[in-house]
Undergrad: 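Dumping the structure here so I can ask a few things about it.
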There are 2 protein chains.
Amino acid sequence: MNKAKPVERELSSKKTALILEGAMQEFLEHGYAGARIDRIVEAAGVSKATVYRHFPDKEALFTALIQQMSCRKNIFEFQSQQSFEESPSVFLKRYASAMLENVAEDPQILTFLRIIIGESGRFPELARAFVVNLEKVSLDFLTQYLTKHPQLQIADPEVTARAFIGTLIHFVMIRDVLQSGDLVPIERDRLLDGLIDLIVR
Amino acid sequence: MNKAKPVERELSSKKTALILEGAMQEFLEHGYAGARIDRIVEAAGVSKATVYRHFPDKEALFTALIQQMSCRKNIFEFQSQQSFEESPSVFLKRYASAMLENVAEDPQILTFLRIIIGESGRFPELARAFVVNLEKVSLDFLTQYLTKHPQLQIADPEVTARAFIGTLIHFVMIRDVLQSGDLVPIERDRLLDGLIDLIVR
DNA sequence: GTCTATACCAAGATAGAC
DNA sequence: GTCTATCTTGGTATAGAC
């Protein structure tokens, strides 16, 4: 009557975490089709059969992993420290800088972007989760910020938020994801300050 | 003394073209690791041995194909019809519309973008060829256009060109590549006109 | 629930006839 | 130069012992 049932549950989820951790490096590095269960098994330190006891197949493991990552690898993560004296141009500079620092601090964000986009044809639901969890949140946040500062005289905050985020993402794409910053060089601060000038004037 | 040697050469390159054509659908649809030589062979209507007589291995076939496509699938293709009466805002609208129409007319551009980005970690040279042939060309073109119209009072044409292209690419990424336009909806013309207002004022 | 060992199949690449 | 047939490897997934 006093059997320790919950303990088994916990062991099980510990293995699940190990598997997902091992799967992360493998899928991020090799993509979906290029990923090898053998390497995931090795990295996780479990047996192959254990993987298939926790996940029905390779595809389920992949989608579970990416959905989990969509909540953790947030390129737009930002401490909105509500310093009210802060001028909009300073705020926008901080916001953009935070995003670029997130990318610099965690290069896994780059491989995450590569796989989301690369597999978006075969796994559209994962792409859509990415857009809802990351893109939409930051677009809405920026739109609201611009709307709440009418002194900026922003004609269409939604469009302006798009231009701001779009320019930043495009910059990261060229420089970091495609590793071609040297081919179309531009200084970080020149782009950021010029972009903010375009918006705040 | 009158042997028809050139004929063989031509047959050979005909096969090469067939193989590349078959490889295109296969690589674009399934990515590098997911592509199957068997399916390329079937689509091209040649034997597997013929493929390996023309290309050393799968990787060489892939890089040859993508390099060829970087010259043909130009998302920024645009008839610069030099109508001098055309105002900058009309010109910019035409330029942006042309890009969006290129995407709409040839959905292979989308799968091409997916594979370039998705494989940019393993094939950085292909990503760099893409940036040089497509991104850089259009960035330079737009920068020059903005510079040649000083009445626009563009503070930093290079940055403005980045913002313009970046906003467009980002829009295409969300809507078409990631198939998530409905999640962060915005009307095409509202974005384009708003973006141009941001630049030309 | 987890492991070892294995079934089963499909992939990339090649040998040898023509 | 091109084909058919085949080799070899390595993949996903599972069976059966513990």
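So you know, we letter chains A, B, ... as the sequences are listed, proteins then strands, and number each from 1.
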Undergrad: Please give, in whole Å, the distance from D:dT2 P to B:Phe55 CZ?
TA: 12 Å
Undergrad: From the list D:dT2, C:dG12, D:dG16, which nucleotide is the closest neighbour of the side chain of A:Arg53?
TA: D:dG16
Undergrad: Is the backbone of B:Tyr32 close enough, under 3.5 Å, to the side chain of B:Lys58 for a donor and an acceptor to pair up by distance?
TA: yes
Undergrad: Given atom NZ of B:Lys58 and atom C1' of C:dA13, what is their separation to the nearest angstrom?
TA: 12 Å
Undergrad: Quick one: list whatever passes ring pair (Phe, Tyr, Trp, His ring centres under 6.0 Å) with A:Phe91, sequence neighbours left out.
TA: A:Phe78, A:Tyr145
Undergrad: Sequence neighbours excluded, which residues qualify as side-chain hydrogen bond (donor to acceptor under 3.5 Å, both in side chains) partners of B:Asp156?
TA: A:Arg190
Undergrad: Provide the full list of ring-ring contact (aromatic ring centres under 6.0 Å, His included) pairs with a residue in residues 156-201 of chain A, sequence neighbours left out, each pair given once.
TA: none
Undergrad: Would you list the pairs meeting ring-ring contact (aromatic ring centres under 6.0 Å, His included) in which at least one residue belongs to residues 179-201 of chain A, sequence neighbours left out?
TA: none
Undergrad: Excluding sequence neighbours, so at least two apart, what forms side-chain hydrogen bond (donor to acceptor under 3.5 Å, both in side chains) with A:Arg114?
TA: B:Ser120
Undergrad: Let me know the distance between CG of A:Asp57 and C1' of D:dT14, rounded to the nearest Å.
TA: 13 Å
Undergrad: Between A:His54 and C:dT2, is there a contact of a side-chain N or O with OP1 or OP2 at under 4.0 Å?
TA: yes
Undergrad: Would you jot down, in residue-number order, the residues of residues 25-52 of chain B having a non-hydrogen atom under 4.0 Å from DNA chain C?
TA: B:Ala35, B:Arg36, B:Ile37, B:Asp38, B:Lys48, B:Ala49, B:Tyr52
